[in-house]
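Written below as structure tokens is the structure these notes are about.
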Protein chains: 2
Amino acid sequence: MYEQIAEQIEALIRDGTFAPGKRLPGERELAERVGISRPSLREALIALETAGLIETRVGDGTYVRADLSPTPVFPLATGRDLGPGTLEQFEARRALECAAAELAAQRAGAAERAVLQESLDRMHALVARGENPAEEHRVFHVALVDAAHNQIFSRLVRELWRARQGAMWETLRLKVENAESWRAGLVTRAQLMEALAARDGAAARALMEAHFHRVGRKYFDPGE
Amino acid sequence: MYEQIAEQIEALIRDGTFAPGKRLPGERELAERVGISRPSLREALIALETAGLIETRVGDGTYVRADLSPTPVFPLATGRDLGPGTLEQFEARRALECAAAELAAQRAGAAERAVLQESLDRMHALVARGENPAEEHRVFHVALVDAAHNQIFSRLVRELWRARQGAMWETLRLKVENAESWRAGLVTRAQLMEALAARDGAAARALMEAHFHRVGRKYFDPGE
DNA sequence: TCAAGGGAATTGGTCAGACCGGTTGACGGG
DNA sequence: CCCGTCAACCGGTCTGACCAATTCCCTTGA
């Protein structure tokens, strides 16, 4: 039954009854309106959340995700079906992000470069305060790959970064995240911005490859 | 909480504790074993079902899906103008196959090189008879990426090659598929085999990049 | 008058226990 | 030996309750 309800709610989202960014009715009210119990309604909501259509905030409410992709994605892909190894995920991200950096240098507009610069500025502030800029790293890299104007790259890199925040990566993250690496990352990303401004695709790719080479050694080389 | 439980169960599936096709313990037993209530356990199972890892049969039990691979990672080219275009697909294949070639040179075993050589031999025979070796091209490239020993690469490249056989690519295929390009392809792929035998990753990547550069111009440059 | 504090109402998160209908498989009758 | 029956088991659903987080309004004090 939860599948029927999920489809029903998804239809309401797609036809605009529940607009992106808006709050859905409360679980109790929604359950009564649809004519099912709250547990069943919850199961439908969890299916929609797993599918990436909605997000919930405890004590507040359930919201339609604002960044809905135009193509329906319901039956598939939460990153959950990626293969097991962290090394494999890293290699995939390396291949995609290096290629995306080159394309982004050729294609990024001023607005996209501004978004990247803002992220870099926030990173500076975080590092200055001694805080972990990991989440901002993700934002930067996702924005960079978006600037490549390739939906496939964007989608895959997003999923790979999301997977990187899971439990599987926890011990590896500790190996590379420290004050020194944060500062080094700021320099690298600043150079990347210069390459983008100069529309120098080769330089952008080279910088990204050097970055992944350096990080990869810290992650996976036993000697370090 | 259901997300934590879902990850936990997923880990058990991935490490083989719950093998594909096998039945999971009942909801009541599983909930007690994990230490949560049955509704919460059910929410985790629904997340896994939505993600395509398991399936439930009423009155019988919950089973690990036997076919974990064919679940697509991203929506591709179901319609004509839906989803990423041919250029985006080409760029993705380029990024992935070039990286895979380098890894394959480092990792391919004798058996995998033999499979590639057999495919190349069949290609020779086809071209000698004047037949289109396109399908054999696909076999070769898929085998090559498999030799990189990275499931993510394998799945994505498979899917992109499958999309390449669709209607969306039809006019583009005509631009590059002719007797001359077939013969040139044989030379390139023979060189690739040498790089693999020499375990020369850089050479393999360079050859693949040159290949994609050449083909990409024929596909997408208006002047040719 | 306005800002800060506090508490009540609302919301999602979790739980226990119960009942229903479908599936399976063993047991017993033909 | 085959087949039908039935009990045990399993997922599906519901009720009702309590908890924790968040919000927001109203009170209080400056």
Side-chain angles (χ1 to χ4, degrees), chain A residues 1-13 17-68 74-75 78 80 135 162 165-167, chain B residues 1-13 17-68 71:
Chain A
M1 162 177 295
Y2 79 86
E3 288 177 326
Q4 301 173 20
I5 304 299
E7 279 183 35
Q8 199 171 325
I9 296 175
E10 184 191 355
L12 292 174
I13 290 175
T17 305
F18 298 144
K22 288 295 181 183
R23 226 195 67 185
L24 266 62
E27 295 186 353
R28 294 164 179 84
E29 179 187 345
L30 204 50
E32 189 179 6
R33 197 191 296 186
V34 184
I36 61 174
S37 70
R38 202 176 146 217
S40 295
L41 188 270
R42 268 185 69 78
E43 293 180 354
L45 291 181
I46 279 165
L48 291 173
E49 189 177 9
T50 304
L53 268 82
I54 61 174
E55 58 184 334
T56 61
R57 303 175 206 162
V58 288
D60 185 1
T62 306
Y63 290 79
V64 180
R65 286 188 69 95
D67 57 341
L68 273 183
F74 182 61
T78 55
R80 206 175 274 302
E135 170 59 18
R162 187 142 46 93
Q165 295 173 308
Chain B
M1 161 177 296
Y2 79 87
E3 288 176 325
Q4 303 173 18
I5 304 299
E7 276 188 38
Q8 200 171 325
I9 296 177
E10 183 191 354
L12 292 174
I13 291 175
T17 306
F18 298 144
K22 288 294 181 182
R23 225 195 65 185
L24 267 61
E27 295 186 354
R28 294 164 179 84
E29 178 187 346
L30 204 50
E32 188 180 7
R33 197 191 296 185
V34 183
I36 60 173
S37 70
R38 200 175 149 218
S40 294
L41 189 269
R42 268 185 68 78
E43 293 181 353
L45 291 180
I46 280 166
L48 290 173
E49 190 177 8
T50 304
L53 267 84
I54 61 175
E55 58 185 332
T56 60
R57 304 172 205 164
V58 285
D60 185 1
T62 307
Y63 291 80
V64 179
R65 286 187 70 96
D67 54 340
L68 283 181
T71 326

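Per chain, numbering begins at 1; letters A, B, ... match sequence-line order.
- Atom CG of A/Leu41 and atom P of D/dT15 are 12 Å apart (whole Å).
- For the OP1/OP2 pair of D/dC10 and a distance below 4.0 Å, the side-chain nitrogens and oxygens of B/Thr56 include no atom meeting the criterion.
- Protein atom OH of B/Tyr63 is 12 Å distant from nucleotide atom C1' of D/dC9, rounded to whole Å.
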What do the steps show when you test A/Leu45 against A/Thr56 for side chain to side chain contact (heavy atoms under 4.5 Å, CB included), and what is the final call?
CA-CA 9 Å; A/Leu45 291 181; A/Thr56 61; 5.7 Å; no
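- Remark: the A/Tyr2 side chain and the B/Glu43 side chain contain no N/O donor-acceptor pair separated by less than 3.5 Å.
- A pairwise comparison of heavy atoms in B/Gly61 and B/Arg23 identifies CA-CD, 4.1 Å as the closest pair.
- With rounding to whole Å, B/Glu29 atom CD is found 12 Å from D/dC9 atom P.
- Put simply, CZ on B/Arg42 is 8 Å from C1' on D/dT13, counting in whole angstrom units.
- A salt bridge is defined here as a Lys NZ or Arg NE, NH1 or NH2 lying under 4.0 Å from an Asp or Glu carboxylate O, and B/Arg28 with B/Glu32 fails to meet this definition.
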Would you tabulate the pairs of protein nitrogen or oxygen atoms and nucleotide nitrogen or oxygen atoms of nucleotides 18-23 of chain D closer than 3.5 angstrom?
none

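- Within 6.0 Å of CD in A/Glu55 there are more than 12 heavy atoms belonging to other residues, nucleotides or ligands.
- The side chain of A/Ser40 contributes no N or O atom lying less than 4.0 Å from OP1 or OP2 of D/dG12.
- Residue B/Glu43 contributes atom CD, which lies 16 Å from atom P of D/dG11 at whole-angstrom precision.
- B/Arg57 pairs by the side chain to side chain donor-acceptor pair (under 3.5 Å) definition with nothing, not counting sequence neighbours.
- Read 5' to 3', the first and last nucleotides of DNA chain C with an atom closer than 4.0 Å to a heavy atom of chain A are C/dT11 to C/dT14.
- At whole-Å resolution of the value, CD in A/Glu32 and C1' in D/dT15 are 14 Å apart.
- Rounded to whole Å, the distance from OH on A/Tyr2 to P on D/dC14 is 15 Å.
- Side-chain contact between B/Leu53 and B/Val64 is absent, with no heavy atoms from C-beta onward closer than 4.5 Å.
- Between A/Ala47 and A/Ala6, the shortest heavy-atom distance links the atoms CB-CB, 4.5 Å.
- As rounded to whole Å, 13 Å separates atom C1' of D/dC10 from atom CG of B/Leu45.
- Put simply, the side chain of B/Ile13 reaches to within 4.5 Å of the side chain of B/Ile54, judged on heavy atoms.
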